[in-house]
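Residue numbers begin at 1 in each chain, while the letters A, B, ... track the order of the sequences.
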Number of protein chains: 2
Amino acid sequence: MNITNWSIDKYGLTEEDIKHTMDSYVSQTIKANNFFLKEGEICNYIGYVTKGLLRSYFYDDQANEITTNFFPEGSLIIAMDSFNNRVPSKEFIEAIEDTELSVVSYQRQMDLYKLVPAWNQICKDLGDIKIHEMLKRNESFQTLSATERYQKFCDEYPQLLQRVNLGYIASYIGVDNATLSRIRKKK
Amino acid sequence: MNITNWSIDKYGLTEEDIKHTMDSYVSQTIKANNFFLKEGEICNYIGYVTKGLLRSYFYDDQANEITTNFFPEGSLIIAMDSFNNRVPSKEFIEAIEDTELSVVSYQRQMDLYKLVPAWNQICKDLGDIKIHEMLKRNESFQTLSATERYQKFCDEYPQLLQRVNLGYIASYIGVDNATLSRIRKKK
DNA sequence: ACAATCTTTTGACAAAAGTCAAAATCGACT
DNA sequence: AGTCGATTTTGACTTTTGTCAAAAGATTGT
């Protein structure tokens, strides 16, 4: 979602609300292969991706990288657990491409809740959206085969297919690298 | 979580807060095989399970019942999507055993947000917990085999093993009925 | 341009999980 | 206690997915 367009209508933000909000966000750029957040760090920023692409991942007990999310342009990055609860992140969030973001610090966001009360509702709604996404994702694992999950991924994120390593997609949909390669070959 | 014990310390609820809250909740009983919520209905209640057991499920495109959650004593039932966004539920929530709940209606809960502001924070935290649970669940699907997912289920919900049909567990962990039976046999 | 490195594909095989149908077991109800 | 229906197990078989290692193909930096 784009802060400037997206929220104004829906939440009836005033000129002042918007000014407060805009003043809270600052630009940041991250080069490919650099990190927005590393494992062990407490996430101090929410990021809105204006350009580029990132992914989040962690290491499982066999030290495989498991990709948990992609963040293309238009995505909002919040490491919910770490940001909200001020605990070290278990995930890395890494730029796959050179990336530009608008970020707001934890403290500034807390201020924003008071300055612009509509932000409480916005964040509640964002939480709802997140929960909805995750329910869908779980459904996929409960009901679909690897091939179907890949098909669904292609339908939902066609832009990503050209932009990310297949290995990232493989772990994202929960299949082995070689298996994904074979799934792609037939058809 | 238990409303009376659990929230007081953490959120510093006053006598009055507690009174408002208690007054908002009413008792309800649901006999085994009856519904807390049906597909297509808008969820009008949050329920706190004091006794018994329920599960939520939906039908996939091959008309299989897919169990998405269990709600034993101490669980809070919120059909997030339906309750928060006032849209028809895609899930059924059914009592597996004779069940007793404390419920609060949508309207009363909305009032409670105003009457007892701490409820905003409580619900935010509940959302966080929900998100955390779902992240864990996704991780299981991304990184564990069926056998490992079953093992994890046993570790996490030992009380449920004796109380629910294996078929419910099978769909919950995303394996075929017969496969689960075989997983259980060896070891 | 060309190593050096990373990704992806492929082959041969093994293990895991699904399918379908029948049998065994369990449970609820009269 | 006995019957009906639902649940669970089992057998025989197929399909899907994983594993490991090597080859082929891309990509990056100098």
Side-chain angles (χ1 to χ4, degrees), chain A residues 30-34 52-53 55 57 59-67 70 92 94-99 139-154 160-187, chain B residues 30-34 52-53 55 57 59-67 70 92 94-99 139-154 160-187:
Chain A
I30 306 180
K31 288 247 173 258
N33 305 317
N34 287 79
L53 175 60
R55 69 166 180 139
Y57 66 92
Y59 290 95
D60 70 9
D61 16 84
Q62 285 118 211
N64 302 306
E65 271 183 18
I66 309 294
T67 293
F70 296 102
F92 295 85
E94 177 199 34
I96 297 176
E97 303 172 357
D98 292 351
T99 294
E139 264 184 49
S140 291
F141 283 117
Q142 277 182 273
T143 63
L144 304 181
S145 68
T147 304
E148 291 167 322
R149 294 202 300 278
Y150 176 65
Q151 192 49 59
K152 196 163 177 228
F153 182 90
C154 295
L160 293 184
L161 277 178
Q162 280 71 22
R163 295 165 70 184
V164 311
N165 286 349
L166 293 177
Y168 300 167
I169 298 176
S171 74
Y172 182 78
I173 64 176
V175 303
D176 188 87
N177 242 303
T179 301
L180 178 57
S181 180
R182 292 191 174 99
I183 285 171
R184 285 161 54 85
K185 197 166 60 165
K186 48 170 182 185
K187 191 73 196 337
Chain B
I30 306 180
K31 289 248 173 256
N33 305 317
N34 286 78
L53 175 60
R55 68 166 180 139
Y57 67 92
Y59 290 94
D60 70 9
D61 17 83
Q62 286 117 208
N64 302 308
E65 272 184 16
I66 309 294
T67 294
F70 297 101
F92 294 85
E94 177 199 33
I96 297 177
E97 303 171 358
D98 292 352
T99 293
E139 264 185 48
S140 291
F141 283 118
Q142 277 182 274
T143 64
L144 303 181
S145 68
T147 304
E148 291 168 321
R149 294 202 300 278
Y150 175 65
Q151 191 51 59
K152 196 161 176 232
F153 182 88
C154 295
L160 293 185
L161 277 178
Q162 282 71 24
R163 294 166 71 185
V164 311
N165 287 347
L166 294 177
Y168 299 168
I169 298 176
S171 73
Y172 182 77
I173 64 175
V175 304
D176 188 85
N177 242 303
T179 300
L180 177 57
S181 179
R182 292 189 174 102
I183 286 172
R184 285 160 55 84
K185 197 165 59 163
K186 48 171 181 179
K187 190 64 199 338

Any side-chain N or O of [X] under 4.0 Å from OP1/OP2 of [N]?
| X | N | value |
| --- | --- | --- |
| B:Thr147 | C:dA15 | no |
| B:Thr179 | C:dA17 | no |
| A:Lys185 | C:dT9 | no |

Look at the side chain of [X] and decide which nucleotide, out of [options], has an atom nearest to it.
| X | options | answer |
| --- | --- | --- |
| B:Ala178 | D:dT8, C:dT9, C:dC20 | C:dC20 |
| B:Ser145 | D:dT9, C:dA17, D:dT17 | C:dA17 |
| B:Ala146 | C:dA17, D:dT10, D:dG18 | C:dA17 |

Nearest-angstrom distance from the residue atom [atom1] of [X] to [atom2] of [N]:
| X | N | atom1 | atom2 | answer |
| --- | --- | --- | --- | --- |
| A:Asn177 | D:dA26 | CG | P | 17 Å |
| B:Asn165 | D:dA6 | CG | C1' | 8 Å |
| B:Leu166 | D:dT10 | CG | C1' | 15 Å |
| B:Leu180 | C:dA16 | CG | P | 16 Å |
| B:Ile173 | C:dA16 | CD1 | P | 15 Å |
| B:Arg163 | D:dT7 | CZ | P | 18 Å |
| A:Arg182 | C:dA14 | CZ | C1' | 12 Å |
| A:Asn33 | D:dT28 | CG | P | 9 Å |

**OP:** Give the C-alpha distance, both sets of side-chain angles, the deciding distance and a yes or no for side-chain contact (heavy atoms from CB on, under 4.5 Å) between B:Ile66 and B:Tyr172.
**Re:** CA-CA 7 Å; B:Ile66 309 294; B:Tyr172 182 77; over 6 Å; no
**OP:** For A:Gly174 and for B:Val164, locate the closest nucleotide of DNA chain D by heavy-atom distance; then report the residue assigned to the nucleotide nearer the 5' terminus.
**Re:**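 Closer to the 5' end of DNA chain D: B:Val164.
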**OP:** Test B:Val175 against every option in B:Leu180, B:Ile169, B:Thr147 by the side chain to side chain contact (heavy atoms under 4.5 Å, CB included) rule and name the one that passes.
**Re:**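 Passing option: B:Leu180.
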Original post:
Any chance the side chains of B:Arg149 and B:Ser140 put a donor and an acceptor closer than 3.5 Å?
Top reply: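 No donor-acceptor contact under 3.5 Å links the two side chains.
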Original post:
In Å and rounded to the nearest 0.5 Å, what is the CZ to CZ distance from A:Phe70 to A:Arg55?
Top reply: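 Spacing of CZ (A:Phe70) from CZ (A:Arg55) equals 7.5 Å.
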**OP:** Please confirm whether the backbone N or O of A:Ala95 pairs with a side-chain atom of A:Thr99, one donor and one acceptor, at under 3.5 Å?
**Re:**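 No.
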